[in-house]
Amino acid sequence: MSKVIVIGGGAAGMMAAYAAGMCGHSVILLEKNEKLGKKIYITGKGRCNFTNACSEEDFLKNVVSNPKFLYSAIYTFNSDAMIDFIEMHGTETKVERGNRAFPVSDHASDITKALKNGLNEYNVDIRLNTEVAQILIKDERAYGVRLKNKETINADAIILCTGGLSYQTTGSTGDGLKWAKALGLKVTDTRPALVPLNVAEDYIPDMQGLALKNVNLTISDGKKKLYDGFGEMLFTHFGVSGPLVLSASSIIGKKLTQAGKLKASIDLKPALSFDELDARILRDFNDNMNKHLSSVLRGLLPSSMVPVVIDILDFDDMRQINSITKEERNDLVHLLKAFPFTITGLREYKEAIITQGGISVKDIDPSTMKCKNINGLSVAGEVLDLDAFTGGFNLQIAWATAYAAGMAAKNCD
């Protein structure tokens with residue numbers, strides 16, 4: 001019986017340990033925290049959106065970094081397989097809007113409980129409060145680990161599942177990335193992803209707490225459009241957040257880090273063309289010729305946005321509508337169709353859902369997750385240079401890559 005060590009007891013680590021145990025190996029799961037799946041407990045606002053029940057083709061369309069690498073893993077262990085796994089191990093599931101899968105209980109702990117049941121099924125040796133200090137290599141082969149307490153554990157295969165850098169309070173402190181670099185593996189630049197964005201303009205915090213629905217967000221680098229999306233977003237005390245912004249952060253992160261700032265604009269009325277919006281505003285003005293501008297704009301915009309729009313246009317909010325010129329109305333329409341702000345940076349890892357970047361997939365076999373240049377070492381989960389949009393896709397990447405790694409440990413058939 002071969003001995004397999006899995007480093008990291010998060011989503012990927014538990015699945016890798018389960019798959020390796022299913023293959024008949026003696027599996028030791030090492031976790032430095034006091035419990036398994038610490039990050040799982042906070043995903044999906046505590047409900048755990050554990051996968052997305054879409055087709056494999058649609059799944060890969062939602063992967064931002066290196067989707068082609070995932071082809072084999074996703075088709076081998078897809079969302080249906082993960083849902084079956086969770087239900088077979090004692091937790092009922094449901095699928096909600098956008099194909100997002102959750103436990104029926106809406107308790108993330110039930111996903112961890114199902115995974116623990118899987119580990120117990122194959123007698124995985126779970127060692128909590130056990131921190132690894134080093135992966136041991138000899139003659140280009142991984143043969144064990146050295147713990148922080150100086151103890152050495154030998155093994156026939158090691159699966160690295162230490163996660164990225166986001167939510168560092170859960171233990172994702174980048175240990176695996178440091179070890180990978182020390183072992184000569186290429187690690188791509190890392191940055192927070194699915195994260196809010198900092199903004200330069202003072203008028204953005206003035207609208208703190210305002211949520212916009214059904215708007216279109218565009219982000220550009222000079223004349224080059226980097227992101228164009230429709231949905232919901234939120235103004236905060238530091239900048240912008242919400243679903244649209246989180247998705248955008250994963251697309252623009254690398255360029256933003258390089259450029260330092262990017263221009264953005266919001267189409268507040270995307271359902272109307274410029275001429276249609278102009279006609280709508282003209283009708284409102286004609287119906288309210290003797291009213292103040294601010295009172296009429298409240299019929300078009302959220303109240304907290306009205307003084308900001310008036311200030312940007314350098315209008316007097318007490319002006320009567322009958323004094324507004326055609327050129328000034330035209331400026332108003334332009335502003336509503338392209339409300340501007342400047343993005344100055346990503347927020348920190350502690351606010352990021354995932355890490356972008358990691359161990360280069362060029363060093364990893366996509367079918368087995370084995371390192372090409374170090375025998376006996378495999379890698380799975382967020383520590384790899386793989387990431388996707390929100391909606392259960394990132395956790396499914398963890399499940400699928402970990403399943404592949406566990407199944408391939410010591411050439412399991």
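- Within a 6.0 Å sphere centred on NZ of Lys186, other residues, nucleotides and ligands contribute 12 heavy atoms or fewer.
- Salt-bridge formation is detected for the pair Arg329/Asp278: a Lys NZ or Arg NE/NH1/NH2 atom is positioned less than 4.0 Å from an Asp or Glu carboxylate oxygen.
- Within the 4.5 Å cutoff, the side chain of Ile7 has no heavy atoms near those of the Ile159 side chain.
- Around atom CD of Glu276, more than 12 heavy atoms belonging to other residues, nucleotides or ligands sit under 6.0 Å away.
- Side chain of Glu31 to backbone of Asn33: a donor-acceptor contact under 3.5 angstrom is found.
- A distance below 6.0 Å separates the ring centres of Phe393 and Phe59.
- With respect to the salt-bridge test (charged N to carboxylate O, under 4.0 angstrom), the residues Glu96 and Arg47 qualify.
- Take Lys225 and apply the salt bridge (charged side-chain N to carboxylate O under 4.0 Å, His left out) test, not counting sequence neighbours, and it matches Asp228.
- Interatomic distance, CG of Asn66 versus CD1 of Ile364, reported as 11.5 Å (0.5 Å rounding).
- Remark: Arg347 engages Glu351 in a salt bridge (charged side-chain N to carboxylate O under 4.0 Å, His left out) (not counting sequence neighbours).
- With salt bridges taken as basic N to acidic carboxylate O contacts below 4.0 Å, none links Glu121 and Lys116.
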For residues 239-250, dump all side-chain donor-acceptor pairs below 3.5 Å to protein atoms at least two apart in sequence or in another chain.
unit_1	atom_1	unit_2	atom_2	d
Ser247	OG	Pro243	O	3.3
Ser249	OG	Leu194	N	3.1
Ser249	OG	Val195	N	3.0
Ser249	OG	Val195	O	3.4
Ser249	OG	Leu246	O	2.6
Ser250	OG	Leu194	N	3.4

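- A ring pair (Phe, Tyr, Trp, His ring centres under 6.0 Å) check over residues 112-146, counting only residues at least two apart or in different chains, returns the pairs Tyr18-Tyr122.
- With hydrogens and angles left out, the side-chain atoms of Gln208 and Thr236 include no donor and acceptor closer than 3.5 Å.
- Counting only N and O atoms by type, the side chains of Ser166 and Lys350 include no donor and acceptor under 3.5 Å apart.
- With salt bridges taken as basic N to acidic carboxylate O contacts below 4.0 Å, one links Lys32 and Asp175.
- Judged purely by atom type and a 3.5 angstrom limit, His25 has no side-chain atom pairing as donor or acceptor with the backbone of Gly21.
- In this structure, Arg319 does not pair ionically with Asp316, as no charged nitrogen and carboxylate oxygen lie closer than 4.0 Å.
- Considering Leu185, Thr162, Ile137 in turn, Thr162 is the only one that fulfils the side-chain contact (heavy atoms from CB on, under 4.5 Å) rule with Trp179.
- For residues 334-384, the set of pairs meeting the ring pair (Phe, Tyr, Trp, His ring centres under 6.0 Å) definition, not counting sequence neighbours, comprises Tyr203-Phe339, Phe274-His334.
- Asn78 places a side-chain N or O within 3.5 Å of a backbone atom of Ala81 that can act as its donor or acceptor partner.
- Here CG of Leu197 is found 8.5 Å from OG1 of Thr344. Values are rounded to the nearest 0.5 Å.
- Shown here are the salt bridge (charged side-chain N to carboxylate O under 4.0 Å, His left out) partners of Asp311, two or more places apart in sequence or in another chain: there are none.
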*Full working for salt bridge (charged side-chain N to carboxylate O under 4.0 Å, His left out) between Lys254 and Asp189*: CA-CA 9 Å; Lys254 184 175 182 179; Asp189 292 339; over 6 Å; no
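- Taking 4.5 Å as the limit, some side-chain heavy atom of Ser55 sits within range of a side-chain heavy atom of Asp58.
- The ring pair (Phe, Tyr, Trp, His ring centres under 6.0 Å) pairs that include a residue from residues 353-390 number zero, where partners must be two or more places apart or lie in different chains.
- Checked for salt-bridge contact, Asp385 and Lys362 miss the test: no charged N lies under 4.0 Å from a carboxylate O.
- Among residues two or more places apart in sequence or in another chain, the side-chain hydrogen bond (donor to acceptor under 3.5 Å, both in side chains) test is passed with Asp363 by none.
- With respect to Glu34 and Lys38, a salt bridge is recorded, a charged nitrogen being found less than 4.0 Å from a carboxylate O.
- Between the side chains of Asn52 and Ser79, no donor N or O sits under 3.5 Å from an acceptor N or O.
- Side-chain N or O atoms of Asp156 include one that pairs as donor or acceptor with a backbone N or O of Lys3 at under 3.5 Å.
- By the 6.0 Å contact criterion, CG on Asn129 is enclosed, its count of non-hydrogen atoms from other residues, nucleotides or ligands being greater than 12.
- Rounding to the nearest 0.5 angstrom, the gap separating the OG1 atom in Thr173 from the CD atom in Glu131 is 7.0 Å.
- Distance check, rounded to the nearest 0.5 Å: OG1 of Thr43 to CD1 of Ile111 gives 8.0 Å.
- Residues that satisfy the ring-ring contact (aromatic ring centres under 6.0 Å, His included) test with Tyr71, not counting sequence neighbours, are Tyr75.
- Checked by atom type, the side-chain pair Ser65/Asp387 shows a donor-acceptor distance below 3.5 Å.
- Under the salt bridge (charged side-chain N to carboxylate O under 4.0 Å, His left out) criterion, Arg146 pairs with no residue, sequence neighbours left out.
- Remark: the backbone N or O of Thr342 is paired with a side-chain donor or acceptor of Glu201 at under 3.5 angstrom.
- Residues meeting the side-chain hydrogen bond (donor to acceptor under 3.5 Å, both in side chains) test with Glu232, sequence neighbours left out: none.
- Counting only residues at least two apart or in different chains, side chain to side chain donor-acceptor pair (under 3.5 Å) contacts with residues 393-409 comprise Thr51-Gln396.
- Panel note: side chain Glu382, backbone Thr355; a donor-acceptor pair is recorded below 3.5 Å.
- Checking side-chain atoms of Asn49 against main-chain N and O of Ala101 turns up a donor-acceptor pair under 3.5 Å.
- Of the possible polar contacts, none joining the Lys261 side chain to the Ala200 backbone as a donor-acceptor pair under 3.5 Å is found.
- Annotation: side chain of Leu335 is in contact with side chain of Val309 (closest heavy-atom distance under 4.5 Å).
- Side-chain contact of Gln356 with Thr190: a donor-acceptor pair under 3.5 Å is absent, judged by distance alone.
- Asp267 has no carboxylate O lying under 4.0 Å from a charged side-chain N of Lys269, or vice versa, which leaves the two without a salt bridge.
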